[in-house]
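A note on names: the letters A, B, ... follow the listed sequences, proteins ahead of strands, and every chain is numbered from 1. The structure displayed is predicted, hence computed values, not measured ones.
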Amino acid sequence: MADSPIRVTLPDGSTRDYAGPVTGTTIAADIGPGLAKAALAIRIDGQLVDLAAPIAADAEIAIVTRNDGDDEVLELLRHDAAHVMAEAVQELYPDAQVTFGPAIEDGFYYDFARDEPFTPDDLEHIEKRMHEIVARDEAIHREIWDRQQAINFFKDKGEHYKAEHIETLPADVDISIYRQGDWLDLCTGPHLPSTGKLGKAFKLTKLSGAYWRGDANNAQLQRIYGTCWRDKKELNAYLTMIEEALKRDHRRLGREMSLFHLQEEAAGSVFWHPKGWTIYRACEDYMRRRLEAADYHEIKTPQLYERVLWERSGHWEKFRDDMFVLADAGERVLGLKPMNCPGHVQVFRQGIKSYRDLPLRFAEFGSCMRNEPSGALHGIMRVRSFTQDDAHIFCTEDQIVSETAAFCALLTSVYRDFGFDDVLVKFSDRPPVRAGDDATWDRAETALREATEAAGLPYEMNPGEGAFYGPKLEFVLRDAIGRQWQCGTLQVDFVLPERLDAAYVAEDGAKHRPVMLHRAILGSFERFIGILIENYAGRLPLWLAPVQVVVATITGEADAYAIQVTEKCAAAGLRVASDLRNEKINYKVREHSLAKVPVMLVVGGREAEQGTVALRRLGGKAQETLAFDEAVSNLTREAAPPAST
RNA sequence: GCCGCCGUAGCUCAGGGGUAGAGCACACCCUUGGUAAGGGUGGGGCCGUAAGUUCGAUUCUUACCGGCGGCACCA
């Protein structure tokens with residue numbers, strides 16, 4: 001049977017005809033030796049596959065080279081880097097078993113099973129061997145194996161994880177094996193034509209533990225992370241970016257700007273210093289204003305509750321291990337609150353509530369304690385005692401939609417005031433372990449979905465990630481360097497009002513259960529302030545800056561005048577400090593710049609004489625000379641927090 | 001919690017079986033200087049905690065505590 005002719009269409013619209021099945025390798029060679037050399041893979045009807053994959057029918061194709069801008073090329077390179085790393089590891093450490101090794105954002109990793117731990121020195125050896133494997137330019141081939149043959153092969157080799165993996169693959173998938181040199185791995189591909197095409201722009205970055213199949217009950221593997229790019233320039237840009245991110249680390253800035261500290265006797269709790277606490281209060285004051293304007297009622301509920309309450313709410317069963325529990329002098333067992341909702345229900349339950357009271361919104365800057373696992377602690381971002389900008393909205397089922405829409409509007413407006421314009425919403429539906437029956441979950445999920453759509457925010461699904469009592473929305477913001485932070489949340493809860501017996505009298509005169517909406521915008525103040533610090537690299541906007549203005553003198557002659565200016569600023573409500581030290585102005589400018597003070601008012605003999613100030617902005621080169629009254633009133637206006645009028 | 005690494009002055013870090021060093025910061029003195037480091041002098045450490053090995057431990061071993069990077073967790 002003769003092959004039927006094949007026509008391929010190139011991205012520029014031109015076509016090429018072949019007598020029979022053909023591969024990207026051939027086509028690239030036909031087009032030119034330069035392309036043949038640069039070709040990494042081929043896109044056939046939009047799908048990225050091996051260059052050597054047969055084209056058996058007419059198709060639109062594109063030969064893919066490393067300079068094609070799209071992310072799939074990077075993914076291809078990174079996945080290959082993972083394979084080259086695995087080959088290097090197994091050459092150097094034959095006792096290491098391979099498991100999984102995917103491309104990830106910015107790089108790749110590979111998980112190995114090996115009794116002996118890898119050391120940082122090992123990374124250097126592995127990286128060196130990787131470069132050798134690239135230099136060997138081993139051809140990479142794809143093979144389809146018989147399933148049982150593959151299982152036996154890997155078992156014989158002592159590669160138990162691979163064998164187990166194949167056994168769990170669906171029966172209808174091809175068992176594709178990629179071979180490079182003497183090494184091979186089970187993989188779906190696609191891959192480069194040879195290891196030489198990987199290039200040199202990769203680097204192994206870190207070593208860590210990881211569980212087999214991501215489950216903490218399974219064996220722990222050793223993961224090696226690396227980064228990989230198209231070329232050295234991109235690699236260096238990435239490494240520079242990492243250094244920059246390190247510089248804006250809130251833990252470092254918190255110390256340098258003396259905002260807060262942490263110490264081991266209080267692991268997981270923050271010691272706020274005056275400057276840090278000023279930021280905190282600015283956030284809290286702002287939130288209080290926003291909540292009041294949105295018809296929330298602020299309350300304060302206890303820290304300690306008896307065990308029975310946690311049993312009734314369901315927290316005892318699910319979160320007891322993560323709670324701080326203590327015994328009082330008698331028989332009672334008390335738990336420090338890990339969340340505020342049971343307390344809010346107690347407030348709701350006082351007196352008889354009518355449908356006319358709904359929606360009733362209780363807000364609390366609630367201090368919570370959770371015994372987070374030691375490995376989870378991270379600066380002030382993940383701590384054991386923290387304060388949520390928490391609120392619970394008690395409403396009817398009919399009110400879910402309007403309350404959700406109002407909340408979404410409030411949240412986006414708050415984020416914008418803090419400088420975050422980019423918000424992503426994730427919709428998390430029922431988790432495998434949950435309270436409440438399926439019919440209730442159906443109702444809650446339907447209501448929330450409707451509400452989300454009504455709010456008009458784009459959202460994506462996050463299946464199985466809901467809270468144990470209800471579905472939730474998670475609000476993710478994007479910071480100045482593109483990182484995503486989940487801060488806000490809105491959770492629909494039909495369960496807790498039932499468990500804690502919250503009720504209102506409806507129009508029909510009968511008692512009904514309210515729905516509870518749990519919601520937070522910032523999440524926790526501690527974490528949110530950490531995010532703010534990193535987002536702004538410490539250079540907070542004027543309204544949040546702990547010290548907004550420093551009045552610095554050039555000579556001692558200006559001291560009296562500087563004090564006058566400082567007092568005027570303070571009287572206008574600005575957070576101001578004066579620097580009358582016997583230091584040169586260069587020194588003062590440098591020091592306050594490093595302290596990230598947004599505005600300096602420099603005064604010398606001239607200014608004192610003329611009643612002016614030289615206003616200098618953080619990071620700015622020029623100064624502006626203004627009458628000091630004018631400077632103060634301008635700054636006062638500029639420093640006003642959003643929504644403060 | 002798990003794996004790996006780390007813990008020396010306020011900070012960043014060097015050192016190394018015989019009880020320690022640098023830079024910055026700090027204090028004092030000189031300098032009154034016009035927008036990112038003026039000069040000099042000086043003080044400062046139970047080398048994370050506890051046990052073990054040793055004539056002797058900050059250095060080697062072990063355990064614990066804490067930190068860092070991940071993993072797992074995140075109501």
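- Checked against the 6.0 Å centroid threshold, His250(A) and His378(A) count as a close aromatic pair.
- Residue order along RNA chain B, read from the 5' end via each residue's closest nucleotide, puts Glu591(A) first among Glu591(A) and Leu618(A).
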List the steps, then state whether side chain to side chain contact (heavy atoms under 4.5 Å, CB included) holds for Leu500(A) with Ser313(A). CA-CA 6 Å; Leu500(A) 296 181; Ser313(A) 71; 4.2 Å; yes
Going through the distances and angles, do Cys341(A) and Gln491(A) end up as a side chain to side chain contact (heavy atoms under 4.5 Å, CB included)? CA-CA 11 Å; Cys341(A) 28; Gln491(A) 306 169 4; over 6 Å; no
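- Residues Tyr161(A) and Phe100(A) place their aromatic rings such that the two centres sit no closer than 6.0 Å.
- The nearest whole Å value for the distance from the CZ atom in Arg590(A) to the C1' atom in rA25(B) is 12 Å.
- Taking atom CG of residue Asn217(A) and atom C1' of nucleotide rG1(B), one finds them 12 Å apart after rounding to whole Å.
- Across all strands shown, Gln623(A) has heavy atoms under 4.0 Å from base atoms, whether or not it also approaches the sugar-phosphate.
- Taking the six-membered ring for Trp and the full ring otherwise, the centers of His344(A) and Phe394(A) sit at least 6.0 Å from each other.
- Atom CG of Asn218(A) and atom P of rC3(B) are 15 Å apart (whole Å).
- Base contact: Glu607(A) has a heavy atom under 4.0 Å from a base atom.
- Toward the 5' end of RNA chain B, the nearer of the two residues Phe118(A) and Val603(A), judged by each one's closest nucleotide, is Phe118(A).
- Within 4.0 Å of Ala552(A), counting heavy atoms only, lies no atom of the nucleic acid at all.
- To the nearest whole angstrom, the two C1' atoms, one in rC60(B) and one in rG17(B), are 8 Å apart.
- Nucleotide rU12(B) is matched to rA22(B) when pairs are restricted to Watson-Crick or G-U wobble geometry with both distances under 3.5 angstrom.
- Annotation: cation-pi pair Arg78(A)/Phe108(A) absent, no NZ/CZ under 6.0 Å from the ring centroid and within 45° of its normal.
- The pairing partner recorded for rU41(B) is rA27(B), the criterion being a Watson-Crick or G-U wobble arrangement whose two distances lie under 3.5 angstrom.
- Remark: aromatic rings of Tyr93(A) and Phe118(A) are close, center separation under 6.0 Å.
- The partner of rA63(B) is rU49(B), by the rule that a Watson-Crick or G-U pair needs both atom distances under 3.5 Å.
- Shown here, rG33(B) forms no base pair; nothing in the strands shown gives a Watson-Crick or G-U wobble contact with both key distances under 3.5 Å.
- Between Ile554(A) atom CD1 and rG38(B) atom P there is a gap of 14 Å when expressed in whole angstrom units.
- One can place CD1 of Ile126(A) at 13 Å from C1' of rG4(B), the figure rounded to the nearest angstrom.
- A distance of about 13 Å separates the C1' atoms of rU58(B) and rU49(B), rounded to the whole Å.
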Counting primed atoms, P, OP1 and OP2 as sugar-phosphate and everything else as base, the B/S/- map of nucleotides 66-75 of chain B against protein heavy atoms under 4.0 Å is S-SBBBBBBB
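- A 6.0 Å sphere centred on NZ of Lys300(A) holds more than 12 heavy atoms belonging to other residues, nucleotides or ligands.
- With both pairing distances under 3.5 Å, rG56(B) is matched to nothing as a Watson-Crick or G-U wobble pair.
- Contact detail for Arg382(A) and Ala376(A): the closest heavy-atom pair is CG-O, 3.1 Å.
- With C1' as the reference atom, rU19(B) and rC3(B) are 35 Å apart, rounded to whole Å.
- When the C1' atom is compared between rC26(B) and rG43(B), the two are found 9 Å apart, to the nearest whole Å.
- Nucleotide rC74(B) is matched to nothing when pairs are restricted to Watson-Crick or G-U wobble geometry with both distances under 3.5 angstrom.
- For the P atom pair drawn from rG4(B) and rA14(B), the interatomic distance equals 22 Å after rounding to whole Å.
- Residue contacts shown for Arg255(A) are limited to sugar-phosphate atoms, with no base heavy atom under 4.0 Å away.
- Straight-line distance between the C1' atoms of rC28(B) and rG34(B): roughly 27 Å, to the nearest whole Å.
- Rounded to a whole angstrom, the distance from the P atom of rA72(B) to that of rA57(B) is 44 Å.
- Going from atom NZ of Lys596(A) over to atom P of rA36(B) covers 15 Å, rounded to whole Å.
- Distance NZ (Lys588(A)) to P (rU32(B)): 14 Å, rounded to an integer number of Å.
- The P atoms of rA63(B) and rA25(B) are separated by 41 Å, rounded to the nearest whole Å.
- Proximity of Asn586(A) to the phosphate of rU35(B): no side-chain N or O atom is located under 4.0 Å from OP1 or OP2.
- Note on Leu221(A): nothing from the nucleic acid sits closer than 4.0 angstrom, heavy atoms only.
- In this structure, Glu583(A) places its CD atom 16 Å from P of rU35(B), rounding to the nearest Å.
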